[in-house]
Each structure stands twice: as C-alpha cells, then as structure tokens.
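The structure appears below as structure tokens.
One-based numbering along the sequence shown. Bear in mind that the values here come from a model prediction, so they are computed numbers and not experimental data.
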Amino acid sequence: MKKIRKAVIPVAGLGTRFLPATKSMPKEMLPVVDRPVVQYAVDEAFEAGIEHIVFVTGRNKAVIEDYFDLHPELIGTLEQTGKKTQLEALESMLPVAGATSFIRQQSPQGLGHAVWCAREVIGNEPFALLLPDMVSFGGRGCLAEITDLYAETGGNIIAVERCDPGDTGKYGIVGRGADIGGGFEVTAMVEKPAPADAPSNFYINGRYILQPEIFALLGNQRRGAGDEIQLTDAMVRLSRDQPFFAQPFTGRMFDCGSKEGFIQANIAFALSRDDMKGPVFDMLQDFVRSHERQEEAA
C-alpha cells in the first residue's frame, strides 16, 4: 500500500455565489476570521502527512500563488516594527520550498476535469483531493481521519457526513454497506437523489483519497450534469473494479462556498479562539435580543 504523499486542491472556480466580492478576489482568498479559506485546506493537508500540494488554478488566481510565496517587504516591515508574533504566524503557514505546484485549468469544465489536469504531477500513485470551499472544524482534520481508514483498507476513501433525510437532493449521496474500521463499504454513489431514491443520508463532504486509475477514466469521461466532466461519474466507473470506503467525519465541515456556510464558519472559528470568543459571544447575544425585541414590536 503506497503512502499518500500528494494532494490536489482545485482553486479554479469563479465563485459566482459571492459576487461582487469575487469579481477581483478569488473566493478561496476570502477570510475566515484572519486566514483565507484555502489556508485551512493546506493546513489540513500537511497535518495529514501530505508532502506536496498541487493547486489547479485558472485565470485571475495568481494571488493564490503569491500568497504561498515569501513577501520580503512585509517580512522586513514586521522585523523593523518588532511584530514577532505576526512574523512567526506568517512563517509557520509558508510551505517549504518545492512543496507546491500550480497547474492551469485553461477552461472551466468541471471538477473532474480539474482533477485530470493534475495527472502529470501526481503520477502513478494514490493522492488526496481537498475541495477548499469545505472547511474542516473541530479536533483532527477530516483528511487525517480518512487517511487512518486508508491505512486499514487501501482502495479509495470518501469522507462523509449525515444530512437531514429530506435534504439528500442537495448532495452527492453514498450507499452504506458493511462496517470496516471506523467506516463502511460504499455500495452506491448517487448525485443529488430525491429523498425517496437516496440509498442513505450520508453525503460526500469534499475530502477524498483516490487511486491513480481515476485519471484514465477522467480522460475519456462523458460530460454529465451541467455539461461538465463530473468526478462522481468517474468514481462510479472506478468502483466497478476497485473498492470504495467511506469514513464519517467526527467534526464538522462548513461549506464556505455558500454565504450561510461562510458566515457560520466565521462565527464557529471566532468562538473557538480565546482572544475572540468573549466579545463575539456577547455581540451575538445582543444581536439576538435586539432581533427578538424587533419581532415582538412588529
């Protein structure tokens, strides 16, 4: 069983749900408290033992590459002004030289196409895939958990969480088979099924470990939903020859690609910090009380 050394993080999306903010700023650079969304995915990858991250980028995403580079002027200013804490924080988030690659996806053709674009850098070895819009919160990172299951089972691993049974039409849903380790065998993968047709209420939450054979399938995958090359379609084909397993995530994943999830993530991370939780909690209490008074008056 090969170790998972490399990870793919697709960052080529246009972020239309966050317009006008994303007209000039990549959605992956929107901050959750004081770190951009993409930083959380990178931290999670390195926590799980990843050695090299492949970013799949698009036009107007050069700022992401700059973010993960040295900033001599900023470093010099922090040194001169004695801001040691900020300097140490910046240095701790910087990947070591040679630990990142940036591949251009010339045209938006779906998640499956973005993953396929990383094939030459990944090579013939299993790899992790992290969707940066999905931000892991609470305890160990989600990728570390599914890496543990991979060490037991090999094959392909999908991180999952439970949704309300009536909301299966919003997600990619997996079928639950026999338990294995802390997870279970995947018996089906269905994109946004109606509640009556859903094989379970376990939804795919944006973390994967995939075998390299997925690249050949993505290379000839027919376009699916949205006239795009869908990763799920290729995974269904791969599941005919290779096992898939699911690991329920014990924390919580926030969908920062949605406005509601983005706000929830900012609140959750702020409340988890000793330097912020008091003022933020008080503000939220005041806001709720004010809202209740307004509703009573109405």
Treating [X] as the side-chain partner and [Y] as the backbone partner, does any N or O pair qualify as donor plus acceptor under 3.5 Å?
X: Gln211; Y: Gly155; answer: yes
X: Thr22; Y: Gly15; answer: yes
X: Arg207; Y: Leu129; answer: no
X: Asn156; Y: Leu210; answer: no
X: Arg119; Y: Ile214; answer: no
X: Arg237; Y: Leu217; answer: yes
X: Glu152; Y: Ile180; answer: no
X: Gln264; Y: Phe254; answer: no
X: Asp133; Y: Cys256; answer: no
X: Glu191; Y: Thr232; answer: no

| task | Might you work through the side chain to side chain contact (heavy atoms under 4.5 Å, CB included) test for Asp164 and Asn201, ending with a clear yes or no? | result | CA-CA 7 Å; Asp164 185 287; Asn201 66 332; over 6 Å; no

Working to the nearest 0.5 angstrom, can you tell me the gap between [X] [atom1] and [Y] [atom2]?
X: Ile122; Y: Cys117; atom1: CD1; atom2: SG; answer: 12.0 Å
X: His291; Y: Asp286; atom1: NE2; atom2: CG; answer: 14.5 Å
X: Met25; Y: Leu30; atom1: CE; atom2: CG; answer: 6.0 Å
X: Thr168; Y: Asp197; atom1: OG1; atom2: CG; answer: 8.0 Å
X: Thr85; Y: Leu90; atom1: OG1; atom2: CG; answer: 11.0 Å
X: Phe244; Y: Met189; atom1: CZ; atom2: CE; answer: 4.5 Å

Please examine the side chains of [Y] and [X], heavy atoms only from C-beta on, and report whether any two atoms are closer than 4.5 Å.
X: Glu145; Y: Thr250; value: yes
X: Tyr40; Y: Ser136; value: no
X: Leu130; Y: Val42; value: no
X: Ile75; Y: Leu87; value: yes
X: Cys142; Y: Met253; value: yes
X: Val11; Y: Ile9; value: yes
X: Val174; Y: Pro199; value: no
X: Lys23; Y: Leu19; value: yes

Between [X] and [Y], is there a shared hydrophobic cluster once you connect ILVMFWY residues whose side-chain heavy atoms come closer than 4.5 Å?
X: Val160; Y: Tyr171; answer: no
X: Tyr203; Y: Phe137; answer: no
X: Trp116; Y: Leu131; answer: yes
X: Leu14; Y: Ile103; answer: no
X: Val37; Y: Ile53; answer: yes

Closest contact, heavy atoms only, [X] versus [Y]:
X: Ala246; Y: Leu149; answer: O-CD2, 3.6 Å
X: Gly112; Y: Leu218; answer: O-CD1, 3.5 Å
X: Ala270; Y: Val33; answer: N-CG2, 3.8 Å
X: Pro212; Y: Gly123; answer: CB-O, 3.8 Å
X: Val186; Y: Phe245; answer: CG2-C, 3.6 Å
X: Pro165; Y: Pro195; answer: O-CB, 3.5 Å

| query | Are the charged groups of Asp255 and Lys170 less than 4.0 angstrom apart, N to O? | reply | no

| query | Can we say Arg5 and Glu51 salt-bridge, meaning some charged N sits less than 4.0 Å from an Asp/Glu carboxylate O? | reply | yes

| task | List in chain and number order the residues that pass ring-ring contact (aromatic ring centres under 6.0 Å, His included) with Phe281, two or more places apart in sequence or in another chain; answer none if no residue qualifies. | result |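 So Phe281 forms no ring-ring contact (aromatic ring centres under 6.0 Å, His included) with any residue.
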
| How far apart are the C-alpha atoms of Ile157 and Tyr208, what are their side-chain angles, what is the distance that settles it, and do they pass the side chain to side chain contact (heavy atoms under 4.5 Å, CB included) test? | CA-CA 6 Å; Ile157 312 292; Tyr208 312 77; over 6 Å; no

| message | With side chain to side chain contact (heavy atoms under 4.5 Å, CB included) as the criterion, how do Met29 and Val38 come out once you've worked through the C-alpha distance, each side chain's angles and the decisive distance to 0.1 Å? | response | CA-CA 6 Å; Met29 293 301 294; Val38 68; 4.1 Å; yes

| query | According to the side chain to side chain donor-acceptor pair (under 3.5 Å) rule, which pairs have a member within residues 88-105, sequence neighbours left out? | reply |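 Applying side chain to side chain donor-acceptor pair (under 3.5 Å) to every pair that reaches into residues 88-105, excluding sequence neighbours, yields His52-Ser101, Gln105-His113.
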
| remark: Applied to residues 58-83, the side chain to side chain donor-acceptor pair (under 3.5 Å) test, sequence neighbours excluded, yields Glu28-Lys61, Gln39-Tyr67

| said: Between Val8 and Val56, does the side chain to side chain contact (heavy atoms under 4.5 Å, CB included) criterion hold? Intermediate values first, please. | reply: CA-CA 7 Å; Val8 175; Val56 182; 4.0 Å; yes

| message | Between Asn205 and Glu161, do the side chains contain a donor N or O and an acceptor N or O under 3.5 Å apart? | response |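 Yes - a donor-acceptor pair under 3.5 Å links their side chains.
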
| query | Distance only, no hydrogens: is a donor on one side chain within 3.5 Å (strictly under) of an acceptor on the other, for Gln230 and Gln221? | reply | no

| request: On the 0 to 90° scale, with breaks at 30° and 60°, tag the Phe55-Phe102 ring pair as parallel, tilted or perpendicular. | output: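 Parallel: the ring planes of Phe55 and Phe102 meet at under 30°.
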
| query | Should the pair Phe127 and Phe215 be assigned to parallel (<30°), tilted (30 to 60°) or perpendicular (>60°) ring geometry? | reply |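 The arrangement is parallel - the two ring planes meet at less than 30°.
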
